Amino acid sequence: MPLRIVEIGGRPDPVLLSAAVLLGGLTAGLANLGWGILGDHVVERGGARRPLILVGLAGTLFSYGMLALADSPAELLIALFCFQIALNLLLSALVAAAADEVPARDKGLLGGVLCVGAPAGAAASVLATLPEISVERSLFCTALIVPIFVLPYALQRHAPYERLLVQEPSADRAPEQLHAFVLLWFVRLLLQIASKAMFFFLVYYFAETVRQVRPTVLAQLTLIAAVGAAPSALFLGRLSDRYRGHRTILLVMIAAMAGGLIVMAVQTNWILALFGYLIFACSAAVCLALHAGFAMLRLPTGLASGKGLGLLNLTNTLPAVAVAGLGMAIVPQYGYRVLCWVLAAAVIVAGGALTYRRL
């Protein structure tokens with residue numbers, strides 16, 4: 001998106017980029033929830049989510065063409081809007097189908113599998129942004145890659161719906177299940193705020209505190225963290241399934257996140273700063289992926305997967321507003337070390353909420 005903005009206007013345009021980020025985030029959150037509710041209605045009437053995956057895939061590929069051909073800011077924003085609508089149809093149906101079909105005994109592993117997307121996406125981004133590859137060609141290459149991964153699942157015959165085999169809860173259990181889901185939503189919101197704030201302000205943090213680390217080094221470190229998180233999440237996800245220790249492993253990852261942020265707050269040199277960030281980034285990726293699997297286990301029986309996961313997905317978009325508020329309220333007066341302390345406190349509060357005995 002930043003490269004397309006430069007191509008269209010001839011120079012970087014932070015205002016247009018900010019508008020694109022805001023439009024994309026709002027559209028993604030609302031579209032994901034709306035498509036999730038639609039998918040639930042389709043399933044209730046005896047249909048399946050896989051046709052929705054295919055429609056979303058087709059729309060996503062078409063919107064890549066719109067992004068490549070846009071030659072004005074207005075056309076670019078329209079293309080982005082269409083892209084988020086189509087992409088979130090694809091993602092909503094895909095994740096809800098997995099939540100419906102993957103047995104409860106494998107939900108931890110499913111969370112680990114979701115973590116593999118981060119390094120895969122980072123690697124694709126590195127390839128797509130090589131200097132000799134144009135933006136249009138990179139969009140074309142991405143449009144070729146996506147169906148390779150989506151179609152083998154989308155064209156399968158759908159598995160039995162595991163959640164539909166669960167008996168309806170008793171009247172006294174329904175409020176407890178809903179309360180647990182709301183608490184998990186709150187936990188994820190706090191974790192996402194910490195993760196996104198560190199991502200947005202990372203370059204500025206290092207520029208203020210150590211002034212020795214180049215952005216390219218930070219990008220490489222982020223890729224290393226993502227690559228390291230994937231096998232860790234797969235291993236820990238399977239471990240949590242085998243020993244039913246989903247919450248325990250999440251608490252360990254949350255402790256690591258808080259520890260990494262505290263190291264970044266008190267560090268005295270760039271080596272400690274990089275070490276703290278690596279610990280935080282790796283544990284955050286694992287934690288958020290495994291949290292998704294745990295949340296699937298705790299979806300209230302009366303709440304269908306599409307709507308429930310759409311509500312959970314709002315924690316991916318709402319933090320942008322909180323991050324902007326933190327940046328304006330804390331950074332100008334207190335600096336980035338204090339921001340790290342505030343984020344560590346938010347992570348600790350999330351861990352405390354996760355220890356609630358009925359969760």
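The figures that follow rest on heavy atoms only: side chains count, while hydrogens, waters and symmetry mates do not. If you're wondering where the values come from, they're calculated on a predicted model, not measured in any experiment.
- Looking at heavy atoms from C-beta onward, Q84 lies out of side-chain contact with S63 at the 4.5 angstrom threshold.
- In the displayed structure, R238 atom CZ is contacted under 6.0 Å by more than 12 heavy atoms of other residues, nucleotides or ligands.
- For R49 and D100, the salt-bridge test passes: some basic side-chain N is under 4.0 Å from an acidic carboxylate O.
- The shortest distance between side-chain heavy atoms of C340 and Y205 falls below 4.5 Å.
- Linking Ile, Leu, Val, Met, Phe, Trp and Tyr residues whenever their side-chain heavy atoms come within less than 4.5 Å leaves V150 and I145 in two separate clusters.
- Exactly one residue among L234, V102, L236, L114 makes a side-chain contact (heavy atoms from CB on, under 4.5 Å) with L109. That residue is L234.
- The aromatic rings of F294 and H246 sit parallel to each other, their planes meeting at less than 30°, with 60° as the upper class boundary.
- Considering only heavy atoms from C-beta on, L54 comes within 4.5 Å of L151 through its side chain.
- A cation-pi arrangement is present between R50 and Y153, with the terminal nitrogen or guanidinium carbon under 6.0 Å from the aromatic centre and inside a 45° cone about the axis.
- Both L61 and F83 belong to a single network of hydrophobic side chains, linked directly or stepwise wherever heavy atoms of I, L, V, M, F, W or Y lie under 4.5 Å apart.
- By the 6.0 Å contact criterion, CZ on R242 is open, its count of non-hydrogen atoms from other residues, nucleotides or ligands being 12 or less.
- Residues M296 and V95 form a side-chain contact, since some pair of their non-hydrogen atoms from C-beta on lies under 4.5 Å apart.
- Ion pairing of R4 with E136 is present here, as a side-chain N (NZ or NE/NH1/NH2) and a carboxylate O approach within less than 4.0 Å.
- When side chains are defined from C-beta on, Y336 does not count as touching M264, because their heavy atoms never get closer than 4.5 Å.
- For the pair Y204/V331, no side-chain contact is recorded, criterion being any heavy-atom separation below 4.5 Å from C-beta on.
- By the 4.5 Å heavy-atom criterion applied to side chains, L33 and N313 are not counted as neighbours.
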